[in-house]
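Only a predicted model underlies this, so the values are computations on that prediction, with no experimental measurement involved.
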Amino acid sequence: MTNSAIAYYPGCSGKGSSEEYDLSTRAVMRRLGAEPQEIEDWNCCGSSPAHMVNHELSAALSGRNLAQAKRMGHHLVTTPCPSCLTNLKNAQQAAWDEDKRLKINKLMDDECPTDVDSISTLQFFTEHIGLDRIREAVVSPLPALRVACYYGCLTTRPPKLMRFDDPENPMSMDNILAACGIEVVPFPLKTDCCGAASGMPRNDITTRLSGKILDMASELKADAVAVACPLCQMNLDLRQSQVNRARRSRYRMPIFYFTQLMGLAMGLPEKELGLSKLAVNPEPCLARAGVR
């Protein structure tokens with residue numbers, strides 16, 4: 001294992017609905033000299049439903065992933081998904097309680113480690129790479145692209161668990177994209193909820209909340225929105241046509257993962273950034289901004 005190696009947990013969405021987030025995250029990490037090592041034989045963390053049913057089982061699912069990372073020689077895991085990160089952190093905290101640890105280990109038939117920490121890739125780029133190295137890697141700054149950074153309600157919350165950035169006014173993504181030469185729009189709804197997993201049972205809630213975010217981005221004359229969460233991206237991008245039908249709007253606003261924009265500024269090939277996988281075609285927006 002090299003000094004630049006870090007355990008990487010893609011989560012189920014990284015292998016499915018947010019493959020472009022996984023692709024672009026790995027590509028940008030490699031461009032910046034980091035070596036993401038995917039956790040061997042990782043399993044689903046249970047995402048949002050598991051902890052609603054059984055907290056110990058939910059902790060055991062993520063505890064096993066922490067144990068796998070430790071077996072590879074790692075004491076730090078990074079993941080692009082805020083929901084996965086919440087479960088990884090909850091598992092570690094549960095393992096610090098002796099009674100809970102015994103119950104979790106029985107479900108795992110293994111040891112849930114107490115000394116493997118986890119961070120978001122946003123935190124990894126901010127604290128382990130740094131803005132200076134990011135600026136040095138930029139070859140194609142994007143000054144004509146106005147972007148609203150949307151963090152969602154999980155990326156920095158709850159603050160005692162995440163221990164990163166300001167929970168009410170996070171700036172890490174803003175600072176990273178500004179370092180990439182992008183014009184960042186001050187966005188007052190950056191931590192509002194988009195409806196999260198309500199899209200299936202209560203689509204009316206998701207279309208209303210996601211519509212508010214698109215309304216504000218449009219009022220601020222943003223060309224696009226940048227996100228750091230697969231579920232936020234899905235609600236704003238894949239469901240944008242549903243939002244338009246419900247609210248009689250006509251948005252065609254691209255919703256990028258922040259790593260895709262970093263990759264564009266660093267001159268990475270489009271294939272490595274998965275731009276073609278976005279539901280709202282980003283090409284007209286990029287052409288207007290002079291990126292193409």
Side-chain angles (χ1 to χ4, degrees), residues 1-2 5-19 21-22 25-26 35-124 127-128 152-164 167 193 196-201 228-232 234:
M1 186 172 64
T2 65
I6 183 169
Y8 177 76
Y9 179 61
C12 299
S13 59
K15 296 296 184 181
S17 60
S18 68
E19 186 181 11
Y21 194 14
D22 178 60
T25 297
R26 294 179 195 246
E35 182 186 348
Q37 293 188 343
E38 185 169 323
I39 295 176
E40 296 169 358
D41 192 31
W42 57 267
N43 55 271
C44 174
C45 68
S47 190
S48 303
H51 69 277
M52 301 294 289
V53 179
N54 188 317
H55 285 271
E56 290 165 3
L57 176 59
S58 176
L61 288 169
S62 287
R64 180 180 178 276
N65 290 323
L66 294 174
Q68 290 292 99
K70 185 171 183 177
R71 198 166 287 118
M72 294 168 64
H74 293 287
H75 290 273
L76 184 64
V77 177
T78 189
T79 180
C81 174
S83 182
C84 295
L85 179 63
T86 300
N87 288 334
L88 288 168
K89 286 182 172 295
N90 277 328
Q92 187 190 17
Q93 287 205 349
W96 290 340
D97 182 298
E98 186 175 352
D99 290 340
K100 291 180 181 177
R101 184 172 66 253
L102 291 173
K103 292 176 182 176
I104 293 167
N105 289 348
K106 190 174 181 180
L107 285 169
M108 288 172 54
D109 202 20
D110 199 347
E111 292 285 331
C112 180
T114 58
D115 58 349
V116 179
D117 202 357
S118 49
I119 59 175
S120 66
T121 50
L122 190 59
Q123 185 173 1
F124 175 77
E127 297 180 353
H128 292 256
C153 53
L154 268 185
T155 301
T156 57
R157 297 170 175 165
K160 287 184 179 178
L161 185 70
M162 292 305 190
R163 304 191 307 276
F164 170 63
C193 179
S198 300
M200 293 295 284
C229 169
L231 194 52
C232 296
M234 180 184 292

Tell me if a side-chain donor or acceptor on [X] pairs with a main-chain N or O of [Y] at a distance below 3.5 Å.
{"X": "Y9", "Y": "C45", "answer": "yes"}
{"X": "S18", "Y": "S13", "answer": "yes"}
{"X": "N65", "Y": "N43", "answer": "yes"}
{"X": "Q37", "Y": "A5", "answer": "no"}
{"X": "Y21", "Y": "P80", "answer": "yes"}

Test side-chain contact (heavy atoms from CB on, under 4.5 Å) applied to [X] - qualifying residues, sequence neighbours left out:
{"X": "A7", "result": "I39, A69, H74, V77"}
{"X": "P158", "result": "L161"}
{"X": "C229", "result": "P82, L231, C232"}

Inset, instruction - Output, in order, the C-alpha distance, side-chain angles, deciding distance and verdict of side chain to side chain contact (heavy atoms under 4.5 Å, CB included) for H55 and S58. - result: CA-CA 5 Å; H55 285 271; S58 176; 5.6 Å; no
Provide the closest heavy-atom pair for [X] versus [Y] in the form atom of the first, atom of the second, distance.
{"X": "N87", "Y": "G46", "value": "ND2-C, 4.4 Å"}
{"X": "Q123", "Y": "S120", "value": "N-OG, 3.0 Å"}
{"X": "M162", "Y": "T86", "value": "CE-OG1, 3.1 Å"}
{"X": "D22", "Y": "P10", "value": "OD1-CB, 3.7 Å"}
{"X": "A91", "Y": "A59", "value": "CB-O, 3.5 Å"}
{"X": "I104", "Y": "A95", "value": "CD1-N, 4.4 Å"}

Legend entry - salt bridge (charged side-chain N to carboxylate O under 4.0 Å, His left out) contacts touching residues 70-83 (sequence neighbours left out):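 Checked against salt bridge (charged side-chain N to carboxylate O under 4.0 Å, His left out) - neighbours excluded - the pairs reaching residues 70-83 are K70-D115, R71-D110.
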Inset, instruction - Please collect all salt bridge (charged side-chain N to carboxylate O under 4.0 Å, His left out) contacts where either partner lies in residues 91-106, sequence neighbours excluded, each pair once. - result: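 Residue pairs passing salt bridge (charged side-chain N to carboxylate O under 4.0 Å, His left out), neighbours aside: E56-K103.
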When rounded to the nearest 0.5 angstrom, what distance separates [atom1] in [X] from [atom2] in [Y]?
{"X": "L85", "Y": "L122", "atom1": "CG", "atom2": "CG", "value": "10.5 Å"}
{"X": "R163", "Y": "I119", "atom1": "CZ", "atom2": "CD1", "value": "10.5 Å"}
{"X": "T155", "Y": "F164", "atom1": "OG1", "atom2": "CZ", "value": "9.0 Å"}
{"X": "L66", "Y": "E111", "atom1": "CG", "atom2": "CD", "value": "13.0 Å"}
{"X": "L57", "Y": "S62", "atom1": "CG", "atom2": "OG", "value": "10.0 Å"}

Legend entry - Partners meeting side-chain hydrogen bond (donor to acceptor under 3.5 Å, both in side chains) with Q93 (sequence neighbours left out):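 If we apply the side-chain hydrogen bond (donor to acceptor under 3.5 Å, both in side chains) test to Q93, skipping adjacent residues, there are no hits.
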Inset, instruction - Output every pair passing ring pair (Phe, Tyr, Trp, His ring centres under 6.0 Å) with a member in residues 98-124, not counting sequence neighbours, ordered by first then second residue. - result: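 Counting only pairs at least two positions apart or across chains, the ring pair (Phe, Tyr, Trp, His ring centres under 6.0 Å) contacts touching residues 98-124 are F124-H128.
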Inset, instruction - Just jot down the ring-ring contact (aromatic ring centres under 6.0 Å, His included) partners of Y8, sequence neighbours excluded, or say none. - result: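 For Y8, no residue satisfies ring-ring contact (aromatic ring centres under 6.0 Å, His included) once neighbours in sequence are set aside.
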Inset, instruction - Would you check, one step at a time, whether the test side chain to side chain contact (heavy atoms under 4.5 Å, CB included) holds for T79 with L88? - result: CA-CA 9 Å; T79 180; L88 288 168; 4.1 Å; yes
Legend entry - Test item: W96 and C112 side chains (from C-beta on) under 4.5 Å apart, heavy atoms: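 Side chain of W96 against side chain of C112, heavy atoms only: no contact under 4.5 Å found.
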Inset, instruction - With sequence neighbours excluded, tell me which residues meet salt bridge (Lys or Arg N to Asp or Glu O under 4.0 Å) with E38. - result: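 Result, salt bridge (Lys or Arg N to Asp or Glu O under 4.0 Å) vs E38: K15, R26.
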Legend entry - salt bridge (Lys or Arg N to Asp or Glu O under 4.0 Å) partners for D41, two or more places apart: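 Per chain and number, D41 pairs via salt bridge (Lys or Arg N to Asp or Glu O under 4.0 Å) with R64.
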Inset, instruction - Begin from the C-alpha positions of Q92 and D117 and carry the test side chain to side chain contact (heavy atoms under 4.5 Å, CB included) through to its verdict. - result: CA-CA 7 Å; Q92 187 190 17; D117 202 357; 3.5 Å; yes
